[in-house]
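Note that these values count all heavy atoms, side chains included, but never hydrogens, waters or copies made by symmetry. Letters A, B, ... mirror the listed sequences (proteins, then strands); counts begin at 1.
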Number of protein chains: 2
Amino acid sequence: MVSIKKIASDIGVTAATVSNALNGKGRVSEVLASRIRARADELGYRPSSAAIALKSGRSHVLGLVMPDLTNPLFPHIAQALSIAADRLGFAILIADSRGSVEEQDLAISRLISRGVDGLLVVPQRGSSPASPTTPMTIINTASDPNNSVSADHWGGGAQMARHITALGHKKILIIGADAVSEVQQDRIAGMKSQLPYETKVEILWGTAGIEQAADHVSKGVSAILTTSDLLAINVHSHLTRAGFTVPDDVSLTGFDDMAFSAAMHPPLTTIAQDVDTLADYVLDIITAQIEGKASPHVGQTIAMDLVLRHSTTAPRSPSNKEPHP
Amino acid sequence: MVSIKKIASDIGVTAATVSNALNGKGRVSEVLASRIRARADELGYRPSSAAIALKSGRSHVLGLVMPDLTNPLFPHIAQALSIAADRLGFAILIADSRGSVEEQDLAISRLISRGVDGLLVVPQRGSSPASPTTPMTIINTASDPNNSVSADHWGGGAQMARHITALGHKKILIIGADAVSEVQQDRIAGMKSQLPYETKVEILWGTAGIEQAADHVSKGVSAILTTSDLLAINVHSHLTRAGFTVPDDVSLTGFDDMAFSAAMHPPLTTIAQDVDTLADYVLDIITAQIEGKASPHVGQTIAMDLVLRHSTTAPRSPSNKEPHP
DNA sequence: CTGTTAGCGCCTTCAG
DNA sequence: CTGAAGGCGCTAACAG
């Protein structure tokens, strides 16, 4: 590793001068400076981030803690975050909280020991991680009091419900994966809020929900709203096994717009997150926090987009009273 | 940030003594040492990783460069790697090479500037990144001459082909996503190697392959082998749209065992990677490289597992000459 | 057993 | 315009 010193001795000046020249502090004559720069890239000089971190107290590294790296949303968030981060000169250290709050706390603690300048955490369901010392921004959902920023899960659910009632559905089944997830609760709350008083709704959770879906269709349910695409594809599988076809017999929707959702048959109507905007907001917030400022984005919520595909359509008689083309 | 010095002055000793006590170098009397330790955790002391990195020249950070964080395999690899890494005291910095070799080189360079001790790279298709200075291990496929370790893609393809010919299929279509991917080439080469001379094989690439799949089935193809689950679900969609059902009309297989593959209908027969073993090998190799040693795992290949589900079955007449239950 | 010194690579005064 | 000195937190080598 070639250091500032090597360059200095090569040229016959002091380390301080090299530092000044390389950082364009203007305190060095242009001729000397360019000679220094030339030698620097001849040697392939790279400033030592350890030294800078030590001196400045800032590592320019952010820690990203996710509940489960296996979560299909992780890639998108990680990608958007990593791109946004290095635009700002930050790198991202990843950690997996492996499904438990203990692991989550451990991960946070390890990251802090690593000297990260800030923490980005998507909390374990139902947990409220906190750090007294290191800035931390929480990406969860609006109903979490500690939430810093998030997609508008409630609004996404609301859009989906509006879409489905506009289609004329009056008997609906909602299936969630996990009742303790605040994100899913918000998604469902949003759905319910937009369903007219007369429409019948039932909510089911987890595998029970998946298995009972077909029964409910037999009993007249004409649309099934789920809180994730993975859940939806699962339900779809049970439905077709039971002899129902989507969307002719039942409409079906997901959430998150995973890669496979456009590829399955029928392509799934779902709700997409704007991860790029999310990433920008998150970084804005964390960098503000690091600098002790306040970000305008704290507490904001990012609109989700309804992605219309072919798994939803108007219900068949008798619940569909309006004619349709 | 409480430093070693603070503890030292609190207790009335020198920084060096505190360092010795905390690192159990034995040069400190047990009484003093425990007094020091006590004060240290009262104060919540954490060694500064920047200082240690500066002093030792080792950051204990590894850089992970992937072609596209959006790749559905990334989560699994990242997770396995991050878990294996922190068992060994390493953290992982992620970078996305965003689909281009230039970005890949940039990412590598940025990571090196960050002072990573080693680089883990899943190379951009067809590229051969190299670093003169920083240890680097390449995770690609056996046919890449720079490959350090990888799943046995060839062997996976071979298993799949054996499975399909054992079922009695004699007219087969192979669909790959991208011909320049060495991984996919190896997967396909493995498949072809195990197909008896008499069986008819055709290979198609990309969207063309997806769109022509149904035609080929009309012309007698009884099994379609793809190089990824995502491709498979896509093909499945086109097939059902054309009125064919899987596996009754055609058998269909994927690769990678994504989350949705078990959930779709029918559940997809596919090939799974043993990412945990992969991660262990990768870390073994990179740490060996960092220490200037040689790892026994270099050049090794990790067996893939055939995951039998319900998208494959024996072909219907006329190509199936043996009776089956 | 404990202290002192010095230096990792860099930058920021403060002098010259 | 350039140099010298000091220090970020830590540890190794060398005293005492």
Roughly, in whole Å, what's the span from NZ in B:Lys6 to C1' in D:dG7? 19 Å
Rounding to an integer number of Å, can you tell me how far A:Lys55 NZ sits from D:dG9 P? 10 Å
Would you check if there is a donor-acceptor pair between the side chains of A:Ser82 and B:Asp96 at a distance under 3.5 Å? no
N or O in side chain of A:Lys5 less than 4.0 angstrom from C:dC8 OP1/OP2: yes
How would you label the contact of B:Ile52 with the nucleic acid (heavy atoms, under 4.0 Å): base, sugar-phosphate, or nothing? sugar-phosphate
What contact category does B:Ser19 fall into here, base, sugar-phosphate, or nothing, at under 4.0 angstrom with non-hydrogen atoms? base
Do any side-chain nitrogens or oxygens of A:Thr14 fall under 4.0 Å of OP1 or OP2 in D:dT2? no
Starting at atom CZ of B:Arg58, determine the distance to atom C1' of C:dC8, rounded to an integer number of angstrom. 14 Å
So which one's nearest nucleotide on DNA chain C is more toward 5', B:Ser56 or B:Glu30? B:Glu30
Would you check if B:Leu22 and B:Ile36 make a side-chain contact, meaning some heavy-atom pair closer than 4.5 Å? yes
Distance (rounded to the nearest 0.5 Å) between A:Phe90 CZ and A:Ile286 CD1: 8.5 Å
Rounded to whole angstroms, how far apart are CG on A:Leu22 and C1' on C:dT12? 16 Å
Between C1' of C:dC10 and CG of A:Asn20, the distance in whole Å: 11 Å
With a cut-off of less than 4.0 Å, is there a side-chain N or O of B:Asn23 near OP1 or OP2 of D:dT11? yes
In whole angstrom, give the distance that lies between atom CG of B:Leu54 and atom P of C:dA6. 18 Å
Any side-chain N or O of B:Ser48 below 4.0 angstrom from OP1/OP2 of D:dC10? no
With the side chain counted from C-beta on, respond yes when A:Val61 and A:Val116 share a heavy-atom pair under 4.5 Å apart, and no when they do not. yes
Rounded to whole Å, please give me the gap between CD1 in A:Ile36 and P in D:dC1. 13 Å
Would you tell me if any nitrogen or oxygen in the side chain of A:Ser29 comes within less than 4.0 Å of OP1 or OP2 on D:dT2? yes
Roughly how far, to the nearest 0.5 Å, is the NZ atom of A:Lys6 from the CD1 atom of A:Ile11? 10.5 Å
Looking for any heavy atom pair under 4.0 Å, which part of the strands does A:Ile4 touch: base, sugar-phosphate only, or nothing? sugar-phosphate
When you match B:Ala16 and B:Ala51 each to their closest nucleotide on DNA chain D, which lands nearer the 5' end? B:Ala51
